[in-house]
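Throughout, residue positions are numbered sequentially from 1 according to the sequence presented.
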Amino acid sequence: MRSLYTLGLLYVALCGSLLWLGFRIGARPAAGAAAPAPAPRNNPPTLSGPEWFQRMKPFCNPVEVETRVRYTPPPAGFEGAAYGAGCFALAGKIDHARELILALDATQRINAANVVFDLAHPVADAGDDKSAGPIMGMVVEFSPYNYMALYHAGASEFILGQPDLARTHLNRFLELYHQEDGWRSNAKEMLRKLDGS
């Protein structure tokens, strides 16, 4: 029984050796033959700004954003700058987001700021004006007629105890937004409290 087992092992070893030898012989080019051309590398398709952002969104946080963007930079051009700014803004890196927008042509900055607004607005609408406020403040720098950015910036400044900025943004919001609804009512109430009435 032991000899059968030993013969089996020898057979497996012999088969392995023959396969290895056949592979080595088959892999060797014929004398004088040119080496085969390397297979063409498939470049990954260029992502649009929204596609890039969707992949990056889980990493748009203070801990991971810098490293992740270094390895997976946004696409070139307007979309890359706008969505890159949105990712950095959501991560709380407002200065970096501002730099990306400032690098754009002056006529594109307002549109980039509005992209950032669209990405951050759900955070503010969910009730986290405190976190969204600095983003909205930056949006207003470039898009001063974005009345919802004005509202959320003012609400954040109200919560954070920045009365002068809150008054400026909330009053401007009321100048631009005339629909008598909860947004307008909240803005008036915050201003009343700021004025001590």
Side-chain angles (χ1 to χ4, degrees), residues 47-54 56-57 60-62 65 69 73-197:
L47 298 175
S48 69
E51 290 169 333
W52 176 86
F53 179 79
Q54 284 308 311
M56 288 294 294
K57 190 175 180 182
C60 297
N61 63 67
V65 68
V69 170
F78 166 78
E79 279 196 351
Y83 285 90
C87 184
F88 277 107
L90 287 172
K93 310 275 186 174
I94 304 298
D95 289 339
H96 198 138
R98 186 181 287 110
E99 287 172 14
L100 288 172
I101 294 175
L102 284 170
L104 291 169
D105 183 283
T107 58
Q108 295 179 319
R109 291 175 189 164
I110 186 171
N111 294 327
N114 288 330
V115 167
V116 174
F117 170 80
D118 289 339
L119 298 176
H121 197 203
V123 175
D125 274 352
D128 193 356
D129 276 313
K130 188 174 180 181
S131 295
I135 302 172
M136 296 302 174
M138 184 196 71
V139 168
V140 169
E141 290 176 36
F142 298 104
S143 183
Y145 295 98
N146 187 324
Y147 54 83
M148 286 312 298
L150 285 162
Y151 172 86
H152 289 299
S156 174
E157 291 147 2
F158 173 80
I159 293 166
L160 295 172
Q162 300 169 326
D164 293 337
L165 284 172
R167 280 191 195 92
T168 299
H169 288 137
L170 292 172
N171 279 317
R172 183 66 178 140
F173 165 75
L174 291 174
E175 289 172 15
L176 296 172
Y177 189 80
H178 302 114
Q179 189 171 331
E180 293 296 340
D181 58 11
W183 302 112
R184 192 169 169 83
S185 174
N186 288 343
K188 288 178 178 177
E189 180 62 22
M190 284 185 275
L191 286 168
R192 271 195 294 271
K193 288 180 178 176
L194 288 170
D195 294 334
S197 56

Are the side chains of [Y] and [X] in contact, using a 4.5 Å heavy-atom criterion?
X: Ile101; Y: Val116; result: yes
X: Lys193; Y: Phe158; result: yes
X: His169; Y: Met136; result: no
X: Phe78; Y: Asp105; result: no
X: Ile94; Y: Ile135; result: yes
X: Ser48; Y: Pro75; result: no

From [X] [atom1] over to [Y] [atom2], what is the distance, rounded to the nearest 0.5 angstrom?
X: Lys93; Y: Asn61; atom1: NZ; atom2: CG; result: 9.5 Å
X: Met148; Y: Ser143; atom1: CE; atom2: OG; result: 13.0 Å
X: Asn171; Y: Met190; atom1: CG; atom2: CE; result: 11.0 Å
X: Asp195; Y: Arg192; atom1: CG; atom2: CZ; result: 10.0 Å
X: Arg109; Y: Leu102; atom1: CZ; atom2: CG; result: 5.5 Å
X: Asn186; Y: Leu170; atom1: CG; atom2: CG; result: 10.0 Å

- prompt: Parallel, tilted or perpendicular: which describes the rings of Tyr177 and Tyr147, with under 30° parallel and over 60° perpendicular?
  reply: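 Rings of Tyr177 and Tyr147: tilted, 30 to 60°.
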
message: Measuring centre to centre across the rings, with the benzene-like ring taken for any Trp, is Trp52 within less than 6.0 Å of Tyr83?
response: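 Between Tyr83 and Trp52, which both carry aromatic rings, the centre distance is not below 6.0 Å.
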
message: Given 3.5 Å as the limit, does a donor-acceptor pair link the side chain of Arg167 with the main chain of Leu191, or not?
response: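 The answer is no, because no donor-acceptor pair under 3.5 Å joins these two groups.
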
- prompt: Would a distance-only check, ignoring hydrogens and angles, find a side-chain to backbone donor-acceptor pair under 3.5 Å from Thr168 to Asp164?
  reply: yes

[X] and [Y]: which non-hydrogen atoms are nearest, and at how many Å?
X: Asn146; Y: Asn114; answer: ND2-OD1, 3.1 Å
X: Pro50; Y: Glu79; answer: CD-OE1, 3.5 Å
X: Val65; Y: Cys87; answer: CG2-SG, 3.7 Å
X: Val69; Y: Pro74; answer: CG1-CD, 3.9 Å
X: Val139; Y: Ala149; answer: CG1-CB, 3.8 Å
X: Ala153; Y: Gly137; answer: CB-N, 3.9 Å

Option passing ring pair (Phe, Tyr, Trp, His ring centres under 6.0 Å) with Phe173 (candidates Tyr151, Trp183, Tyr145): Tyr151

field: Ion pair Glu180/Lys188, N-O distance below 4.0 Å
entry: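 Looking at Lys188 together with Glu180, the answer is yes, because their closest N to O distance falls below 4.0 Å.
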
